[in-house]
Structures are given as structure tokens and as C-alpha cells.
Amino acid sequence: MQIEVAGNQIELAEGALCADALKEGLSKKQFKKVVVAKCGEDMLDLTAAVPTACTTLEPVFADSEEGLVVIRHSTAHLMAEAVKKLFPTAKVTIGPSIKDGFYYDFDYERPFTPEDLEAIEKEMLSSVGANKDFACQTMTADEARTYFADMNEDYKGELIDDLGEDEYSIYTHGDFSDLCRGPHVARTGMLKAFKLLSVAGAYWRGDEKNKMLQRIYGTAWQDPKALKKHLFRLDEAKKRDHRKLGTQLDLFSTHEDIGGGMIMWHPKGGLVRAILEDWERKEHLKRGYDIVQGPLILKQELWEKSGHYENYKENMYFTEIDDQGYGIKPMNCLAHMLIYKRKTQSYRDLPQRYFELGVVHRHEKSGVLHGLMRVRSFTQDDAHLICRPDQLQDEIIGVFHFVKDLMDLFSFEFRAEISTRPEKSVGTDADWELATSALENALDSIDEEYTINEGDGAFYGPKIDIILEDSLGRSWQCATIQCDFTLPERFDLVYVGEDGARHRPVMLHRVILGSIERFVGVLIEHFAGALPVWLAPVQARLMNVTDSQIEFSEKAKQFMLSKGIRVEADIRNEKLGYKVREAQVEKIPYMLVIGDKEVEAGCVNIRSRDGEDPGMVTLEEAAQLILDAAQEPFKLGGMSYSFSG
RNA sequence: GCCAAGAUAGCUCAGUUGGCAGAGCAACUGAUUCGUAAUCAGUAGGUCGUGAGUUCAAUUCUCAUUCUUGGCUCCA
């Protein structure tokens, strides 16, 4: 038969293997890097026969995305083999490839320890050394069921029952066999670079009602160099961890006496928040929002009326005062409803946009708490937009533009998701339908791409979530836009229309940063602690060379302060190198050095944290340089801001 | 909430097979007056997360609890 391999026409014998075909069509060097073959969309083992219908066979190389998936999947099998050898009573379940690596879930009578991982890794290496063949065989469902039942692998039986296929492929290398779709590398010797990373609990099939299994995570790459690079990246990411930097830069802390998931903001962290919040207030006023504020606790009946008591109770804190039940707010909407209702609203008054930097408390499960990213008490930059149905789409677009401006300001990459009606929810199907299409239409009308997240909406309405990625590749939800027809109904919100009749407005819940806590956490990681000049708690630090410049340093500090620059003076009796190092470690944007020369000329010598050195300039020029740098991001985006203005 | 690991000085960490608790940095004092990532010397600093139990003796062993971490489930 005639077949095309990587652009070359070659002649193949009937029943030839993919490996033979690729060997023929590729150079020796290239062939060494091949993991599996690909015919159209079908991935094929190298040991598989070339399908008779196949006209073009492509190689999948080890360093390609698809190749890495195969390597990681095969490494998961390799690990399962080692585990079964060392712990024969462990039962295997599933072991897929994931981003940067793989995992395998086992059911075993005792937890695996770090020492176990070392032993498993050693066993894996010995299997690689033995260079065992991966062999694939096909069985009927019944055969497969019996096959795994004989080995006491009941989880595999459960999978076979659930998948309901007629035929199953089974991969075997050495003494280890696993139910698997494949494909796999041809021999264990092709797995050259892997490392086991951690062990963690995971529910069987991801359901918390099921048994907790033990999941071993590992990473695998095409060669040791790529593995080393990945481990180095992990290490670098660790250095950016906002929890580590939060301590180092003295921004915030937690304390067990306060309770889990509660943050204390230190002077510098508090200042960062204050700058962000101040900027947000101005930005909201500019965009036609009103600033409002509701109380922290509200009567329980109100939460019952809104549906929160029924749908969100397990996340709420309650208290009782004078035999009256109160709920601590997990959301800010209720007071905003009542603010709207304080007077008769006319169609001319709409939209009403109520903005509140509202502190909310949510009882999150203890295991999910994570630094600033997941806490139990946080501040939302929350707003409720109450508008006429005909204004809804424009309001959604307006909010989306706001979000985009913000993402540009920090150069964040983001994606949008629309979440639809969940099981536990309130409202009619018609309203949900209307609300969901309003969100979709808004994004469609401005050509913004989005994915659909079925059943993931809030209990009162569908939502657009804006998801951004942090330095560790984790996704964080910050902004969200939620459509709500229910609360206006429950609170009987009305406006008087042009026709003199009463009409029902619709409402949007939305946040831009999301939680201030989380957003600051994301910023810290994004900038590795080196916050942009406009956000840096300390923008400049003056440092004298010897005691004789103390007086001028004080004068310079007062001058900078009068210009609205956040400045400190380090006049300690320390060597200049020491002061510079300290400022550098604290990631202060500008160091202003003052020696005898500077005093004489009435100047400072500027050194920036990223190595730029504008040299000796007058106090006036230095101040201007810093103020300009603080304005830089606003010249790029559609925003304007100045902390002093 | 579930599975697992951890908590020792302000920070980073060592240590005790159960017998007076250690380092570096930071702090404080003194010397030094120095030009762009760590000057030298000295002093002080701990109920070994918290509460019980076992023991002649617990930071160490057991149990409970709080908090943190890695996952699972769930979310801004």
C-alpha cells in the first residue's frame, strides 16, 4: 500500500506497523523523538498496524502538546505498576494526564508517606531501566469484567459497567495491566523525565459521598532538561506566592485567635487597599454610580424574604439580639433594595447604580481557605444596577467595558464564562431564559467570546464570570456580572413609567475586582510583590550616605511629602550598600541617595528598583519623575487617577 | 466538610531514641561615618500553637482542639 508519512510518499507492506511506517518516512534522529502516530484525529500506538483506510500518517513528537499528554499518561501507568508491586493490596482506579503532569488514584489501607513516594519513584526507574513493552489487547466487556474481577480490581469493574462499551482495550507492561483507551509509548524506556510531587485525598469519581482515595501527583516531560526547567518554574512561582510575600513585605497576616480565613491588614497592606479603594470610588463616580452603604447585620426575616435564608443559609453567620434573629451579610444587595425603595422611582431616574465597598462574611468550608484568595471575611467592590428592561443590555455592556479597562490597566489576560441556572435556585424559567439571553446578547453585540458553564449560576440568576490567570497558572474569578429578575420581584421594586403605570425594574449584581482581598493577592503574585508605582505603599526611600546629610534628608523628605509622594527616609547609621539592599528587598520603586555632592547641589541621586539609574537630579525633577511614573498606567488605559487629586 | 502533613524567638529554620531549648537574619546597646544588594562587637528575646492524659520527668509519647499547608468537594 501507498501512504504519506510526514510529507513523504512511501510504500508499505500490508499489516505493517505504525513504527515501521514512521521509521521509513522520518530521519533517524526525528524517529527517536516519536511517541505515537496520528492518522487524522486518531492517535495510534507505534505497535499498532497502520489502518488499511489510512492515507496519511503523522508522527507525534515527544515535545509536542499531544506527545506530552501521552508521556504523562504512560508515566501514570508506570507509577501504578510500581505501586502495585510495592503495595500489592492497593487497588487501582483512574490515572489521567493533567496540565504539566499526571495523577493516579489508589485505594489502599493506609496513607502513602513521602518515603513511600521515594520508593515508588525508585521502582519506576527500575521499570524504565528494564525497558518493558507496552502491549495493547482488546477484550469484550464480559472478558474485561472477568479479567479485572480475577485481579480484585473492583473499581475497574465499576468503570466497565458505567462506560457500557462492547469492547475495551487493555494495556499491559511488565506485570501490570490497566483498562485504558490509550495510546501509550511503546516501551517504558521512553519515559525519561518524571518526578512524584505530592499525595492528597480525592473522592472516587469526584463525589464527596464516595470513598476517599489517595491521589499521587507527578510531573513528566520529554527529557530531563524540560523536567528541570519545570521544577525551576515551580520554585520561581513559589517565590511569588502572595502569602510568602505578604509576610516578607509586611502587608498582612492571619492569627489563629481571630479565626480561620480572617485577614489583618498591616500598615503597608492597609495602604495598598486604601489606594485601590479610593481609586475605585473615583472611577465609579466618573461612570455614573452612587456610593451607598448598608449595615453589616440585618434582620433574619429580610434574608428569608430574599431567599438567602433558604438557599445560602449554610454559608451565613447568624446572631440574636433581644430575641430577634439577625444574619451577618454574605452579600450587599438587601440594603440596596431598600435604598431603592426609599422613594417612588420614575423611569427617568433609571438606571440607579448603587456602589458599595461592602464587607461580607461567608462561612466557607475550612479546607478551602487559602491565603488572601479564599477567605471568610472580605470586601467586595459591589454594585447593584437597577434599570428598565430596555436598558439592561447597555448596562451589561457598560459593566463589561469597565472590567476590560481594569484588565488593561494591569495587563491581565482574561476569559469570560456565562453560567446558567443551577438546581438550587429561585425564579421562573421564563425569567431565567430572559436573563441568560440578555447576558449572551450583550457579549455577542460587542463580539466578546465566552464559554457556557451549565448549572453554575447564582441561586437568583445567571452570570458572566471574568476569569484571570495568576503566575502559578491558577485561574481566579474576580469580576462577575449577574442578572437578577427575582429580587426586584421579592422586594416589589417598581418604577413609574411614561404611561403613569407601575413597572418592574430588573437588576444586575456586579463586582469588578471581586474581593479586594483576593485581588490584592492576585496583584502581589502578578507583580511578584513589586507593585506599580501608583499602588506601591512606599514609592520612594531617601537614604543618606553619612550622618552629615541627615538635615538635608529631612528637608528632602518634607519636600517629597508636600508633592504627595509616599516617601520614607532611612537615616540610620548603616552603610549605603546595606540600605540599598534593604530597599531592593522591600521592592521600593525608587531609592533617593543623598551624599555630600547632592547636599551641595540640592539634589538626590535616583536608583530605581529595576536597575534604571537616572543619576543626580534636583528635588523638583525627582518628584516629577516619580509622579509621572505613578501616572503611567492611566495614560495607557481609559482611566485617569491621581492619589492626591 | 473530607484525606493527609505541619505549628519551636519578630522572620527563616535546626534540634531533643523523654532529662536545663539552638543558629542566621531582625530588634536593642556600643564602636564605626562608610557612595548603590549585608561593617564589627556585645545584649536581650521562647509556657516549643492551646488543653488534657501517660511518666519521677513531656517541646518530644497518646488524645482532643485551634490555625496553616497540599489536594478533593465547593466558591469572589
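This structure is a prediction, so every number in the text was calculated from the model and none was measured. Throughout, a chain's letter reflects where its sequence line sits, starting with A, and its residues are numbered from 1.
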| said: OP1 or OP2 of B:A37 versus the side-chain N and O atoms of A:R607: is any pair under 4.0 Å? | reply: yes
| note | With the side chain defined as heavy atoms from C-beta on, A:T254 is closest, among B:U68, B:G1, B:C72, to B:U68
| task | For B:C3 and B:C63, measure between their P atoms and round to the nearest Å. | result | 15 Å
| field | Donor-acceptor under 3.5 Å (A:R518 side chain, A:M373 main chain) | value | yes
| A:R243 side chain N/O closer than 4.0 Å to the phosphate oxygens (OP1, OP2) of B:C67? | no
| Candidate nucleotides B:C72, B:G70, B:C75, ranked by approach to the side chain of A:R362 - the nearest | B:C75
| task | Please measure how far the C1' atom in B:U59 lies from the corresponding atom in B:U16, and state the result in whole Å. | result | 8 Å
| request: Whole angstrom is fine here: how far is it from CD in A:Q214 over to P in B:C72? | output: 15 Å
| said: Applying a 4.0 Å non-hydrogen cut-off, can you work out what A:V593 is touching in the nucleic acid: base, sugar-phosphate, or nothing? | reply: base
| query | When you measure from the side chain of A:R581, which nucleotide among B:C34, B:A76, B:A37 comes out closest? | reply | B:A37
| field | Distance between P atoms of B:U17 and B:C61 (Å, rounded) | value | 11 Å
| request: Identify whether any heavy atom of A:G261 sits under 4.0 Å from a base atom; if not, whether one sits that close to sugar-phosphate; answer base, sugar-phosphate or nothing. | output: sugar-phosphate
| message | Is the distance between the ring centroids of A:F102 and A:Y104 under 6.0 Å? | response | no
| message | For the P atoms, the ones on B:U47 and on B:G10, what distance do you get once it is rounded to whole angstrom? | response | 8 Å
| Mind checking the P distance from B:U65 to B:C2? Whole angstroms is fine. | 10 Å
| message | I want to check something: taking the side chain as every heavy atom from C-beta on, are A:I464 and A:Y450 in contact at a cut-off of under 4.5 Å? | response | no
| Spacing of the P atoms in B:C28 and B:A21 (rounded, Å) | 27 Å
| query | Of the nucleotides B:C34, B:A76, B:C2, which one has an atom closest to the side chain of A:Y203? | reply | B:C2
| query | Are the side chain of A:R566 and the backbone of A:A536 linked by a donor-acceptor contact shorter than 3.5 Å? | reply | yes
| said: Measuring from the side chain of A:P111 (C-beta onward, heavy atoms only), which nucleotide among B:C3, B:U66, B:A4 has the closest atom? | reply: B:A4
| task | Starting from P on B:C72, measure out to CG on A:L369 and report it in whole angstrom. | result | 15 Å
| remark: Ranking B:U33, B:U36, B:C2 by distance to the side chain of A:D547, first place goes to B:U33
| said: The side chain of A:V580 is closest to which nucleotide in this list: B:A37, B:G70, B:A76? | reply: B:A37
| query | In terms of heavy-atom contacts, does CD of A:E554 have more than 12 from other residues, nucleotides or ligands at under 6.0 Å? | reply | yes
| Just checking A:V375: base, sugar-phosphate only, or nothing, at a heavy-atom cut-off of under 4.0 Å? | base
| remark: A:R205 atom CZ is separated from B:U73 atom C1', nearest whole Å, by 16 Å
| request: Can you tell me the distance, in whole Å, between the CE atom of A:M316 and the P atom of B:C74? | output: 22 Å
| field | Check: A:S419/A:E417 side-chain N/O donor and acceptor closer than 3.5 Å | value | no
| query | Is the ring centre of A:F318 less than 6.0 Å from the ring centre of A:Y309? | reply | yes
| Quick one: A:Q549 CD to B:C34 P, roughly how many Å, whole number? | 9 Å
| remark: In short, A:P330 meets A:R362 closest at the heavy-atom pair O-NE, 2.9 Å
| Among B:U39, B:C75, B:G35, which nucleotide sits nearest the side chain of A:R374? | B:C75
| query | With respect to the phosphate group of B:A76, does any side-chain polar atom (N or O) of A:K463 fall under 4.0 Å of OP1 or OP2? | reply | yes
| said: With rounding to the closest Å, how many angstrom separate the C1' atoms on B:U39 and B:G46? | reply: 30 Å
| request: Identify the nucleotide, in any strand shown, that forms a Watson-Crick or G-U wobble pair with B:A7, with both distances under 3.5 Å; if there is none, say none. | output: B:U66
| Does A:H255 have a side-chain nitrogen or oxygen under 4.0 Å from the phosphate oxygens OP1 or OP2 of B:U68? | no
| task | Using a heavy-atom cut-off of under 4.0 Å over every strand shown, decide if A:G577 touches base, sugar-phosphate, or nothing. | result | sugar-phosphate
| message | Less than 4.5 Å apart, side chain to side chain, heavy atoms only: is that true for A:E454 and A:T420? | response | yes
| remark: The answer to which of A:F112 and A:S548 contacts RNA chain B further toward the 5' end, by nearest nucleotide, is A:F112
| field | Atom pair distance, as rounded to whole Å: OH in A:Y217 and P in B:C72 | value | 4 Å
| request: Return no unless some side-chain N or O of A:Q477 is found under 4.0 Å from OP1 or OP2 of B:A76. | output: yes
| query | Side chain of A:N605: nearest nucleotide among B:U73, B:C3, B:U36? | reply | B:U36
| query | In whole angstroms, how far is the C1' atom of B:A4 from the CZ atom of A:F106? | reply | 16 Å
| task | Looking only at side-chain atoms of A:E364, point me to the closest of B:G1, B:G71, B:A76. | result | B:A76
| said: With a 4.0 Å cutoff (strictly under), does any side-chain N or O of A:S366 reach OP1 or OP2 of B:G1? | reply: yes
| Atom-to-atom span, CD of A:Q584 to C1' of B:U36 - whole angstrom | 9 Å
Under 3.5 Å between N/O atoms: give me all the protein pairs with nucleotides 23-30 of chain B, atom names plus distance.
{"from": "B:A26", "atom 1": "OP1", "to": "A:Y578", "atom 2": "OH", "distance (Å)": "2.6"}

| Going by an N to O cut-off under 4.0 Å, is there a salt bridge joining A:K268 and A:E568? | yes
